[in-house]
Amino acid sequence: MIQLGVNIDHIATTRQARRTFEPDPVTAASLAVLGGADIITVHLREDRRHIQDRDVRLLRETIFTKLNLEMSTAPEIVDIAIKTKPEQATLVPEKRQEITTEGGLDVVSQKKTIMDAIKKFKDAGILVSLFIDPEESQIAAAKDAGAQYIELHTGNYANARDEAARNAEIGRLLAGVMTAQKCGLRVNAGHGLTYQNVGLLVASIDVEELHIGHSIVSRAVFVGIQKAVSEMKDLIFRHNLARKTSG
Ligand code: PXP
């Protein structure tokens, strides 16, 4: 069954709006696990706009599911990750001005920097995933660089305006999954996924983990995070089961 990674960055965004102590992403993580999260994800950004060093430290002490730390290859952040020892590090591109992660990593042009970071993580026993667009050249470069996983960027699928555009993006993701699996990479996916668009994706492609943040945290404002997570988990379970039993 597909594992659900819940990204709790935006619980911290609300806290940082007032630089106070609430809502605490560490509490949210425990409730997300009770709701069925298989993985807790946080992005420790260089500008610390949401998740803080203290959150990462306390999450490592209190979360016993897989902890997935998203980050750039900035040496300071890589060092924190190595000390924290999450089960998985997901490398993403990071720009100061962006609202959220825009586009996948350009592994082709940054191969040396990425390879150096991957080596450090591997030496520390941490799995590495690279967040990339579903392009053959990036998938091949991710394999060459030594990553165990890729996370395919589903942003274009999520933003597709009509059925034809959505189906075209599903086609690109499907081709990406097949190319990656053929060369021995494990495949995750995420970005922009919602309660409305996750079903078609799960019904169409085979991945190990889905990483979802904003939509779950948005729903949690109204129904609580435990319920928001369990509703997403149930949707994924039903669509995954339907795909497996139909073919
Ligand atoms: N995967 C990666 C690599 C991301 O950077 C993000 C956003 O932080 C997500 C998944 C989750 O995206 P969203 O918040 O749109 O669900």
Linked hydrophobic residues, Phe222 as query - side chain contacts closer than 4.5 Å: Val221, Val223

Lys/Arg N to Asp/Glu carboxylate O, Arg166 vs Glu163, below 4.0 Å: no

Lys119/Asp123 salt bridge by N-O under 4.0 Å criterion: yes

Carboxylate-amine/guanidinium contact Lys120 Asp116, below 4.0 Å: no

Which residues share a side-chain hydrogen bond (donor to acceptor under 3.5 Å, both in side chains) with Glu76, sequence neighbours left out: Arg48

Side chain to side chain contact (heavy atoms under 4.5 Å, CB included) involving Asp133 - partner list, sequence neighbours excluded: Glu135, His153

Side-chain donor-acceptor contact under 3.5 Å, Thr41 with Asn68: yes

Lys227 atom NZ, over 12 foreign heavy atoms within 6.0 Å: no

Hydrophobic cluster (4.5 angstrom, side-chain heavy atoms) - remaining members for Tyr149: Leu127

Glu136 atom CD, neighbour heavy-atom count above 12 within 6.0 Å: no

Residue pair His43 / Glu94, side-chain donor-acceptor N/O under 3.5 Å: yes

With Val217 via side chain to side chain contact (heavy atoms under 4.5 Å, CB included) - residues at least two apart: His10, Ile11

Side chain to side chain contact (heavy atoms under 4.5 Å, CB included) involving Ala165 - partner list, sequence neighbours excluded: Ala160, Asp162

